[in-house]
2 protein chains.
Amino acid sequence: MTDDTWSPPHILLAVDLVILTLRETHLHVLLVERGIEPYRGCAALPGGFLHNDREGLLAAAHRELDEEADLDATQLHLEQLGTYGDANRDPRGRVVSVTYLAIAPRLPEPTAGTDAARAAWRPVDAIVSGELPLAFDHDVIIADGIERARSKLEHTPLATAFCEPVFTISDLQQVYEAVWGVDLDPRNFYRKVQKVPNFLLPVDAERRVTKGRPARLFTAGPATTLHPPIPRPDHTASRQGE
Amino acid sequence: MTDDTWSPPHILLAVDLVILTLRETHLHVLLVERGIEPYRGCAALPGGFLHNDREGLLAAAHRELDEEADLDATQLHLEQLGTYGDANRDPRGRVVSVTYLAIAPRLPEPTAGTDAARAAWRPVDAIVSGELPLAFDHDVIIADGIERARSKLEHTPLATAFCEPVFTISDLQQVYEAVWGVDLDPRNFYRKVQKVPNFLLPVDAERRVTKGRPARLFTAGPATTLHPPIPRPDHTASRQGE
DNA sequence: GAAATAGTGTCTTTGAGACAATATGCA
DNA sequence: TGCATATTGTCTCAAAGACACTATTTC
């Protein structure tokens with residue numbers, strides 16, 4: 001940064017959270033109902049303004065996660081998604097929002113009696129289709145968050161962050177199918193994820209109640225990137241005509 | 001965002017740029033010399049504080065690109081890299097910096113007589129190795145920018161942004177080799193990039209002066225993502241020194 | 001001619017995807 | 001038993017990488 005002269009900035013810095021989870025095989029995002037203008041009564045991402053007392057951005061994200069979603073921030077995958085600062089995105093003035101993407105395992109309804117009482121899980125389908133209008137540019141932020149999650153499923157063990165600490169390969173497949181919005185062959189998926197080194201660690205001699213044959217249980221391994229990756233099925237079949 | 005009470009924020013918002021280019025087969029980044037404290041005389045990324053008069057973040061990035069690098073912002077690939085807001089990253093107070101990654105073709109030395117007079121291209125090797133100390137956390141920002149560029153080479157036509165409007169496949173290979181820091185087989189590379197639909201468009205019946213056989217010329221095609229990708233060699237193995 | 005760079009062919013290994021076949025539980 | 005889910009096997013095709021070989025220029 002340089003040493004420009006500048007007028008005293010009247011900029012407010014906010015932190016907003018895109019918290020994704022899986023409910024009933026569908027991807028959901030946590031939204032709150034706004035209590036005041038602008039966009040009063042409208043659905044919006046949980047978030048808030050930065051505390052100026054030397055609070056770091058990531059620390060602020062964790063604080064909002066705790067305050068608004070009543071989620072234990074520890075053990076939750078959290079990463080910076082992007083910063084949104086269009087001049088007119090907030091009618092109150094210049095608000096720049098740093099957004100974070102959080103991935104959570106299956107979770108109960110937000111607890112009443114807390115800041116999170118106004119919060120609820122919403123299926124992302126209703127948002128991307130425009131059925132559920134959102135405050136500010138939060139629809140764009142959510143779309144970016146979903147795309148980020150989709151992309152990271154290919155190369156990172158992010159899918160395990162949607163699962164319980166111990167899970168079956170079928171559980172894992174449901175994550176991929178829900179986030180990507182596709183159907184995958186269970187047999188090929190099974191072999192593929194098992195072949196990636198350090199992706200899944202078998203939990204010795206365990207099983208689980210279901211209808212058919214019991215499934216082996218796994219935990220997330222130490223891998224940070226997947227080699228080879230789990231490729232997302234072709235969503236753009238285009239060919240060159242030379 | 002919610003409706004928290006908050007103390008009036010004393011936050012300064014800056015925009016910093018990681019401008020990468022290729023010079024003599026090595027990746028370089030544009031750095032300026034700081035004129036005032038803190039870090040006076042130290043190398044730093046070009047950038048500056050946001051003008052508060054409803055200037056968008058991307059617009060601010062373009063403005064700094066023009067002011068400090070004297071580069072024509074049009075035709076330059078520019079994307080948001082990340083936002084850095086650690087509480088103590090700037091001794092003057094709370095400065096949150098939104099960073100952008102810019103990719104430029106081979107460029108001349110920064111023009112004298114402008115804001116860019118203090119600017120110079122520096123090899124990234126000297127920075128990641130710690131030989132050239134940087135102001136603030138700019139070493140981390142540059143490292144993140146390089147990693148972003150490396151990753152995007154695999155799945156996007158970003159490499160063409162390092163090239164002139166018309167280029168040979170050999171030129172393109174040099175980009176991949178410089179950014180990834182590896183050696184690639186020219187014959188496999190040749191076939192591979194040509195096989196990706198809409199990546200390269202042949203320029204009809206052109207050639208270029210060199211020592212050996214003339215090479216065909218290409219321009220960037222309309223592809224936004226590469227199917228199949230150009231895979232980065234296993235970087236757990238060898239790296240090239242020099 | 002030799003040297004240098006551009007471009008093609010071919011072989012081997014590996015992974016992706018389709019899908020048959022087998023295993024093991026529950027009603 | 002029959003059904004449902006889990007797991008294994010096999011086949012085909014495409015892609016990655018190694019590398020011999022041909023093509024076209026300058027010297």
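The basis for the numbers below is simple: all heavy atoms, side chains too, and nothing from hydrogens, waters or symmetry mates. From a predicted model like this one, the values you see are computed outputs, not experimental measurements. Throughout, a chain's letter reflects where its sequence line sits, starting with A, and its residues are numbered from 1.
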If I take atom [atom1] in residue [X] and atom [atom2] in nucleotide [N], what distance separates them, rounded to the nearest angstrom?
X	N	atom1	atom2	result
B/Leu226	D/dA15	CG	C1'	15 Å
B/Leu200	C/dG7	CG	P	12 Å
B/Glu154	D/dA15	CD	P	17 Å
A/Phe189	D/dT8	CZ	P	15 Å
A/Arg207	D/dA4	CZ	P	21 Å
B/Arg191	D/dG17	CZ	C1'	9 Å
B/Leu184	D/dA16	CG	C1'	12 Å
A/His227	C/dG15	NE2	C1'	15 Å

Does a nitrogen or oxygen in the side chain of [X] sit under 4.0 Å from OP1 or OP2 of [N]?
X	N	answer
A/Ser170	D/dT5	no
B/Arg216	C/dA6	no
B/Lys195	D/dA16	no
B/Lys211	C/dA6	no

Between A/Pro214 and B/Gly212, which has a closest nucleotide on DNA chain C that is more 5'?
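Per heavy-atom nearest nucleotide, the more 5' residue is B/Gly212.
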
Describe, in one word, how the ring planes of B/Tyr176 and B/Trp180 are oriented to each other, choosing from parallel (under 30°), tilted (30 to 60°) and perpendicular (over 60°).
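Rings of B/Tyr176 and B/Trp180: perpendicular, as their planes differ by over 60°.
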
Quick one: do the B/Tyr84 and B/Asp144 side chains pair a donor with an acceptor below 3.5 Å?
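A pair is found: one side chain offers a donor N or O, the other an acceptor, under 3.5 Å apart.
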
Quick one: do the B/Ser97 and B/Asp16 side chains pair a donor with an acceptor below 3.5 Å?
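B/Ser97 vs B/Asp16: donor-acceptor pair found between side chains.
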
Pick the closest DNA chain D nucleotide for B/Asp185 and for B/Pro231 by heavy atoms, then say which residue is nearer the 5' end.
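Residue closer to the 5' terminus by nearest nucleotide: B/Pro231.
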
Could you say whether B/Pro228 or A/Gln194 is positioned toward the 5' end of DNA chain D, judged by the nucleotide with the nearest heavy atom to each?
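Going by which nucleotide is closer to the 5' end, it is A/Gln194.
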
[X] side-chain proximity, nearest of [options]:
X	options	value
A/Arg213	D/dT10, D/dT7, C/dA16	D/dT7
B/Arg187	D/dA20, D/dA16, D/dT7	D/dA20
B/Asn188	D/dG17, C/dA6, C/dC19	D/dG17
B/Tyr190	C/dC19, C/dG9, C/dG7	C/dG7

Might you point out which heavy atoms bring B/Arg148 and B/Leu101 nearest each other, and give the distance in Å?
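Heavy atoms only, the tightest pair is CG-CD2, 3.7 Å.
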
Got a salt bridge between B/Glu147 and B/Arg232, using NZ or NE/NH1/NH2 to carboxylate O under 4.0 Å?
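The answer is yes: the pair qualifies as a salt bridge.
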
